[in-house]
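Below, chains carry the letters A, B, ... as their sequence lines are ordered, and counting in each starts from 1.
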There are 2 protein chains.
Amino acid sequence: MKYGICGGLLTIGLLACQTAQAPSAEVETHKEALLAADRAFDRATAAGGVEGWVSYFAEKGAMFPADGPVIRGHEAIREAMAPLDDPGFSLSWEPLGAEVSSAGDLGYTYGRSRREIEDAEGNRAVALGKYVTIWKKQADGSWKVVVDIGNEGPPEE
Amino acid sequence: MKYGICGGLLTIGLLACQTAQAPSAEVETHKEALLAADRAFDRATAAGGVEGWVSYFAEKGAMFPADGPVIRGHEAIREAMAPLDDPGFSLSWEPLGAEVSSAGDLGYTYGRSRREIEDAEGNRAVALGKYVTIWKKQADGSWKVVVDIGNEGPPEE
């Protein structure tokens, strides 16, 4: 409907409406950018711990952790994810796919996650999981996380 | 960038580009439509069991179940969710919020879920959870589920 009006006004044959309809090459570019953002999110967390993690969330972004209530906003997320700064704990992930809205303003990634915990005796426990992360393009053009949710079990289909 | 070009071509003052920028009233309308779709999804599942559930998924839509691999496509989802037709099992949910892309083509809902299982002796077990569902507007204008994921524990923030 929206682009129908636009098309009617632009029958003079300009490219503007083709652009507004988000041709697949543009959607593909948005998708690659989002996958890159998710990989950078993983690297920032590995390098910066909880501050790296928090830096990828939108101001009112929310985590939906397994077995706990929704955690919303930088301050609450920083508190809940403090274990990311423990040397015996690590969280890493790898996106397997993404999809982005036609205007490139909302999208999601999904993939596999890995938590590793080492206890005081040096025993390691590894938990594999899967996740879905929803991203929103910010005013400055960066992608930030608005919702992050995961659960147990690897995603292999 | 995209709407920048469009705006440049339409400085003759037409409304088209204002429309293409998706004013907040339109976004609000999309959001209400998506919340309504999620409530209708719940009712369809209560009334129609597994067929009601499957009918809300896009053809390649996927479930990310707790403790199991990703389940993709109608046939696999129908098989995995067969317990929805058992009289002793019920799954219901209620959305608490939604967000939709500016063009109204991709969005998500989130909320609380409730599973109820009754065993042969009539004992009931209730499990509360939370979920995030990602929806994509289809060619026919309907919203369908592309990703559904949940985990244990109520969402209360």
Side-chain angles (χ1 to χ4, degrees), chain A residues 1-10 12 14-23 26 62 64-73 76 96-97 99-108 110-112 129-134 136-137 141 146-157, chain B residues 1-10 12 14-23 26 62 64-73 76 96-97 99-108 110-112 129-134 136-137 141 146-157:
Chain A
M1 180 62 172
K2 173 191 312 174
Y3 296 123
I5 293 166
C6 191
L9 293 167
L10 286 167
I12 39 176
L14 296 171
L15 285 168
C17 275
Q18 281 205 342
T19 308
Q21 279 170 357
E26 194 178 347
F64 284 54
D67 281 319
V70 173
I71 300 163
R72 192 177 298 274
L96 297 172
E99 190 162 10
V100 181
S101 67
S102 61
D105 60 333
L106 191 72
Y108 66 91
Y110 64 91
R112 72 178 93 241
K130 54 195 174 299
Y131 71 89
V132 175
T133 304
I134 305 176
K136 192 172 178 179
K137 180 80 71 72
V146 288
V147 172
D148 184 63
I149 182 168
N151 58 29
E152 297 304 303
E156 279 72 15
E157 300 179 38
Chain B
M1 181 61 173
K2 172 192 309 172
Y3 296 125
I5 293 167
C6 192
L9 293 167
L10 286 167
I12 39 176
L14 296 171
L15 284 169
C17 275
Q18 280 203 343
T19 309
Q21 279 168 357
E26 194 178 347
F64 283 54
D67 281 319
V70 173
I71 300 163
R72 192 177 298 275
L96 297 172
E99 190 161 10
V100 182
S101 67
S102 61
D105 60 333
L106 191 72
Y108 66 90
Y110 64 90
R112 71 177 96 242
K130 54 196 173 301
Y131 71 90
V132 175
T133 303
I134 305 177
K136 192 172 178 178
K137 181 79 71 73
V146 289
V147 171
D148 184 62
I149 181 168
N151 59 28
E152 297 304 305
E156 280 72 15
E157 298 181 40

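Considering every non-hydrogen atom in both B:Y131 and A:F64, the closest pair reads O-CE2, 4.0 Å. Taking each heavy atom of B:G68 and A:K130 in turn, the nearest pair found is O-NZ, 2.7 Å.
For the set B:V147, B:V146, B:I134, the count of heavy-atom pairs under 4.5 angstrom toward chain A peaks at B:I134.
Only the side chain of A:D105 comes within less than 4.5 Å of a heavy atom in chain B; its backbone stays farther off. In this structure, chain B has a heavy atom under 4.5 Å from the side chain of A:K136, while its backbone stays farther away. The parts of A:V132 that come within reach of chain B are both its backbone and its side chain, each placing non-hydrogen atoms under 4.5 angstrom from that chain.
Residues B:K137 and A:S101 are not in side-chain contact: their nearest non-hydrogen atoms beyond the backbone lie 4.5 Å or more apart.
Remark: side-chain polar atoms of A:N151 are not paired, donor with acceptor, to backbone N or O of B:I149 under 3.5 angstrom.
With sequence neighbours left out, the ring pair (Phe, Tyr, Trp, His ring centres under 6.0 Å) criterion links A:Y108 to no other residue.
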